[in-house]
Asks: 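Let me begin by handing over the structure; questions about it come next.
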Protein chains: 2
Amino acid sequence: MKLLTRNGSKPETTDKWEAQLRKGCLELAILASLWQEKLYGLEILRVLHQNSNLVLAEGTLYPILGRLKEEGLLESEWVEAEAGHPRKYYWLTPAGKQRVISMARFWTSFTANFDGLLKPILSGKAGR
Amino acid sequence: MKLLTRNGSKPETTDKWEAQLRKGCLELAILASLWQEKLYGLEILRVLHQNSNLVLAEGTLYPILGRLKEEGLLESEWVEAEAGHPRKYYWLTPAGKQRVISMARFWTSFTANFDGLLKPILSGKAGR
DNA sequence: GCAATATACCTTGCAGTGCTATGTATATTG
DNA sequence: CAATATACATAGCACTGCAAGGTATATTGC
């Protein structure tokens, strides 16, 4: 049985929640990272980590890239690297660009609704 | 085999994504709905629907309420209704209030990071 | 009285998703 | 030629939401 997380502490429900929140956003995040330029797998992880503080595992990334490609939102191509293992670069298809835009719009209205729900909490008023 | 959604259309991947996005936020939404007042089950659904455009099924709500209670974030009590079936009212424990606050803070910083990622897309600049 | 309806709570089984762990391939370094 | 670094890939597990179906209580129409 597995009871410890990587840092050796007991898994806490707070951690689980944060993971859960990330979950729903990963596809959008990955598509969005490709908005401006082609990237290869591990590079996507680095970009998301550095630009948006979003950390995901390789075992999470590759299946998602596969799904997105199968849906026709991404294309990919192998490219010989100057050194080491060849890299598989991904970029958005026209359908993919359309999709990112509509997802981003949905995200915006969704979070706006949510912010309304959280306003009483973050404005410092006590609940009863 | 099941191929149709409730409205009779084919299930689209966009729908799946929207569902996925909601998923990570439900616990926070439910806890937040209880910030100001005690509510009973179905009432929570109505509040979230009307105030935040957030629709969830009963089969989703009750298990979550059970989890949250088990974690010590909620308390509950049966109350005779003026008419019909008795209602089970829920409210936040002190630990629950603490938790909502920390979740709301995490939400705020998380969405801020994300908005940065989406800015190039929503500002109307074309990708290449 | 008693079926039909409305309100409310609860549970079961399934499907979708991310993550840990592990595996493979290529090239460089000691 | 082992060890290391980079990169892509997959299998099995655990968690979560949801559709569907079930139970309980009270009111309404006949």
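Computed from a prediction, not measured in an experiment: that's the story for all the values here. Computed from heavy atoms alone, side chains included, the values below leave out hydrogens, waters and symmetry copies. Protein chains get the first letters and strands the later ones, always in sequence-line order, with residue 1 at the start of each.
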Asks: Can you spot which of A:Phe110, A:Trp107, A:Phe106 makes a ring pair (Phe, Tyr, Trp, His ring centres under 6.0 Å) with B:Trp17?
Replies: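 That would be A:Phe106.
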Asks: Is there a side-chain polar atom (N or O) of B:Tyr40 under 4.0 Å from OP1 or OP2 of C:dC9?
Replies: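 So the side chain of B:Tyr40 is outside the cut-off, no N or O lying under 4.0 Å from OP1 or OP2 of C:dC9.
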Asks: Identify whether any heavy atom of A:Tyr90 sits under 4.0 Å from a base atom; if not, whether one sits that close to sugar-phosphate; answer base, sugar-phosphate or nothing.
Replies: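 Sugar-phosphate only.
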Asks: Regarding A:Glu58, tell me which of base, sugar-phosphate or nothing describes its non-hydrogen contacts under 4.0 Å with the strands shown.
Replies: base
Asks: Have a look at B:Ala57 and say if it touches a base, only the backbone sugar-phosphate, or nothing, with a 4.0 Å heavy-atom cut-off.
Replies: sugar-phosphate
Asks: With a cut-off of less than 4.0 Å, is there a side-chain N or O of A:Arg46 near OP1 or OP2 of D:dA7?
Replies: yes
Asks: When we call it a touch if two heavy atoms are under 4.0 Å apart, what does A:Gly41 touch: a base, just sugar-phosphate, or nothing?
Replies: sugar-phosphate
Asks: Closest nucleotide of DNA chain D for A:Glu43 versus for A:Lys23: which of these residues is on the 5' side?
Replies: A:Glu43
Asks: Who does C:dT20 pair with, Watson-Crick or G-U, both distances under 3.5 Å?
Replies: D:dA11
Asks: Closer to the 5' end of DNA chain C via nearest nucleotide, is it B:Arg87 or A:Leu56?
Replies: B:Arg87
Asks: Quick check for you: among D:dT10, C:dG18, C:dA8, whose closest atom lies nearest to any side-chain atom of A:Thr60?
Replies: C:dG18
Asks: Identify the residue among A:Leu54, A:Leu48, A:Asn53 that makes a side-chain contact (heavy atoms from CB on, under 4.5 Å) with B:Asn113.
Replies: A:Asn53
Asks: Measuring to OP1 and OP2 of D:dG17, would you say a side-chain N or O of B:Arg67 lies under 4.0 angstrom away?
Replies: yes
Asks: Which listed nucleotide (D:dC18, D:dA26, C:dC10) is nearest to the side chain of B:Glu80?
Replies: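 The closest nucleotide is D:dA26.
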Asks: Among C:dA25, C:dT11, D:dA26, which nucleotide sits nearest the side chain of B:Tyr62?
Replies: C:dT11
Asks: First locate atom OG1 of A:Thr111, then atom CG of A:Leu118, and finally report the distance between them rounded to the nearest 0.5 Å.
Replies: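 With rounding to 0.5 Å, OG1 (A:Thr111) is 10.5 Å from CG (A:Leu118).
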Asks: Using whole Å, report how far CG of B:Leu39 lies from C1' of C:dT7.
Replies: 16 Å
Asks: Consider the side chain of A:Lys88, meaning its heavy atoms from C-beta on, and name the nucleotide among C:dG18, D:dT25, D:dC8 that approaches it most closely.
Replies: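 The answer is D:dC8, which lies nearest to the side chain.
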Asks: Identify the nucleotide, in any strand shown, that forms a Watson-Crick or G-U wobble pair with C:dG30, with both distances under 3.5 Å; if there is none, say none.
Replies: D:dC1
Asks: What nucleotide among C:dC9, D:dC18, D:dC8 has an atom nearest to a side-chain atom of B:Leu42?
Replies: C:dC9
Asks: May I ask you to say what A:Leu61 touches in the nucleic acid, namely base, sugar-phosphate or nothing, with a heavy-atom cut-off under 4.0 Å?
Replies: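 No contact at all - A:Leu61 keeps every heavy atom at 4.0 Å or more from the nucleic acid.
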Asks: Starting the side chain at C-beta, find the nucleotide from C:dC9, C:dC19, D:dC8 nearest to A:Arg22.
Replies: C:dC19
Asks: For the side chain of A:Pro86, starting at C-beta, report the closest nucleotide among C:dT11, C:dC19, C:dT26.
Replies: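 Of the options given, the side chain of A:Pro86 lies nearest C:dT26.
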Asks: So what does A:Ile64 touch, heavy atoms closer than 4.0 Å: a base, only the sugar-phosphate, or nothing?
Replies: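 Sugar-phosphate, backbone atoms only, no base.
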